[in-house]
Amino acid sequence: APRSELEVELLQYLMKKFQQNHRVSVERVVSGKGLANVYEFLAQKYPKRVAKAIHAKFLEAGDMQGAVVGMNAGIKGSLMEQAMHIMVGTYGSECGSAALKWIPTGGLYVTGGLTPKNIKHIEGEESPFLKAFFDKGRVSPLLDSIPVFAVMNEDIGLRGARVCAMREFKSLCS
């Protein structure tokens, strides 16, 4: 759910872009393509802040637009930095909601490609990720007992699938 007026505008932009009347999935923001969607919204909203050379690369990048934004997110005060903060803040908020649903007292392990690629925007108590993770109103104190771990291996899902496949294979062979 949007957490600021700007994010409400982003939601409205995405609803229009994807012709949705009721909802927009979190992946439209929290993914490589999602990062591109956020930047595209910001570039439209703040055209005077667009860095022309980087924007040209963005437009030429096809499916790699999110990578262009990510590679330039370290430019202080830029739309790319702002897009990254919105994306990782949404990621943190989603992880915080998941932690409240599951209450994984042994820890919440954040996996996938986004985590290692964007770790410098995720780690640290003042990061947009952790601020949003813990921003859950009256139930926020519950999250203090849940450690958050960033899994830096991008293929952990494939490794897990392999383990399951091997177990299944062994059960068929015995």
Side-chain angles (χ1 to χ4, degrees), residues 1-47 49 65-67 69-154 156-157 160:
R3 296 170 293 116
S4 69
E5 288 298 319
L6 184 62
E7 290 183 11
V8 169
E9 289 181 48
L10 171 61
L11 172 62
Q12 292 166 342
Y13 170 83
L14 294 172
M15 288 176 76
K16 185 175 180 181
K17 178 178 179 176
F18 295 109
Q19 301 174 348
Q20 298 293 311
N21 295 324
H22 306 291
R23 63 177 298 279
V24 172
S25 67
V26 71
E27 293 82 9
R28 299 289 192 186
V29 175
V30 182
S31 65
K33 183 61 181 159
L35 181 57
N37 288 333
V38 176
Y39 170 77
E40 185 179 73
F41 160 72
L42 293 172
Q44 178 184 312
K45 181 167 177 61
Y46 304 110
R49 291 181 54 205
Q65 288 179 325
V69 177
M71 286 186 295
N72 291 285
I75 301 171
K76 296 289 181 205
S78 69
L79 290 180
M80 290 77 62
E81 178 189 48
Q82 188 175 5
M84 180 63 76
H85 284 187
I86 291 170
M87 192 268 291
V88 297
T90 304
Y91 194 17
S93 180
E94 188 70 11
C95 288
S97 294
L100 288 173
K101 289 175 195 169
W102 303 320
I103 311 175
T105 55
L108 182 72
Y109 291 78
V110 184
T111 67
L114 283 180
T115 303
K117 287 181 180 111
N118 300 295
I119 192 65
K120 65 184 173 199
H121 303 285
I122 292 172
E123 65 186 351
E125 291 180 20
E126 294 300 311
S127 72
F129 180 92
L130 284 178
K131 283 182 178 180
F133 179 87
F134 288 109
D135 185 17
K136 297 297 178 190
R138 67 184 184 278
V139 294
S140 293
L142 177 61
L143 294 173
D144 291 337
S145 65
I146 300 173
V148 180
F149 300 101
V151 177
M152 300 303 287
N153 189 314
E154 292 185 42
I156 200 76

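Across all their heavy atoms, Ala83 and Val38 have their closest contact at CA-CG1, 3.6 Å. Minimum interatomic distance between Gly32 and Leu114 (heavy atoms only, all atoms of both residues): N-CD2, 4.1 Å. Of all heavy-atom pairs spanning Ser140 and Asp135, the tightest one is OG-C, 3.9 Å. What you find for Ala99 and Leu143 is that their closest heavy atoms are CB-CD2, 3.6 Å. The heavy-atom pair separating Ala36 from Gln65 by the smallest distance is CB-CB, 3.7 Å. Of all non-hydrogen atoms in Val88 and His121, the two that sit nearest each other are CG2-O, 3.6 Å.
Contact check on Lys33 versus Glu27 returns no salt bridge, with no Lys/Arg side-chain nitrogen under 4.0 Å from an Asp/Glu carboxylate oxygen. For Glu154 and Lys117, the salt-bridge test passes: some basic side-chain N is under 4.0 Å from an acidic carboxylate O.
Between the side chain of Gln20 and the backbone N or O of Phe18, at least one donor-acceptor pair lies under 3.5 Å. At distances below 3.5 Å, at least one donor-acceptor pair connects side-chain atoms of Glu7 with backbone N or O atoms of Arg3. Side chain of Asn37 to backbone of Val29: no donor-acceptor contact under 3.5 angstrom is found. Formation of a donor-acceptor pair under 3.5 Å by the Glu94 side chain with backbone atoms of Thr90 is not found in this model. Judged by distance alone, the side chain of Lys76 and the main-chain N or O of Glu81 form no donor-acceptor pair under 3.5 Å.
Residues that satisfy the ring pair (Phe, Tyr, Trp, His ring centres under 6.0 Å) test with Tyr46, not counting sequence neighbours, are absent from this structure.
Ring pair Phe129/Tyr91 is perpendicular by interplanar angle, where above 60° counts as perpendicular and below 30° as parallel.
Counting heavy atoms from C-beta outward, Pro104 and Ile146 have side chains that approach closer than 4.5 Å. Contact of the Arg49 side chain with the Gln82 side chain is registered, since non-hydrogen atoms from C-beta on lie closer than 4.5 Å. Between Leu142 and Ile103, some side-chain heavy-atom pair lies under the 4.5 Å cut-off.
Atoms CD1 and CG, from Ile86 and Leu79 in turn, are 9.5 Å apart once rounded to the nearest 0.5 Å. Atom CD1 of Ile122 is separated from atom CE of Met84 by 8.0 Å, given to the nearest 0.5 angstrom. Note: Cys95 SG to Phe134 CZ = 11.5 Å, rounded to the nearest 0.5 Å. Here Leu14 contributes atom CG and Lys16 contributes atom NZ; the two are 12.5 Å apart, rounded to the nearest 0.5 Å. Between Glu125 atom CD and Phe133 atom CZ the span is 13.0 Å, to the nearest 0.5 Å. Rounded to the nearest 0.5 Å, atoms CG (Leu42) and CG (Leu6) are 6.0 Å apart.
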Does the side chain to side chain donor-acceptor pair (under 3.5 Å) test come out yes or no for Glu40 and Tyr13, once each step is laid out?
CA-CA 10 Å; Glu40 185 179 73; Tyr13 170 83; 2.7 Å; yes
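Ser127 and Lys120 share no side-chain donor-acceptor pair at under 3.5 Å.
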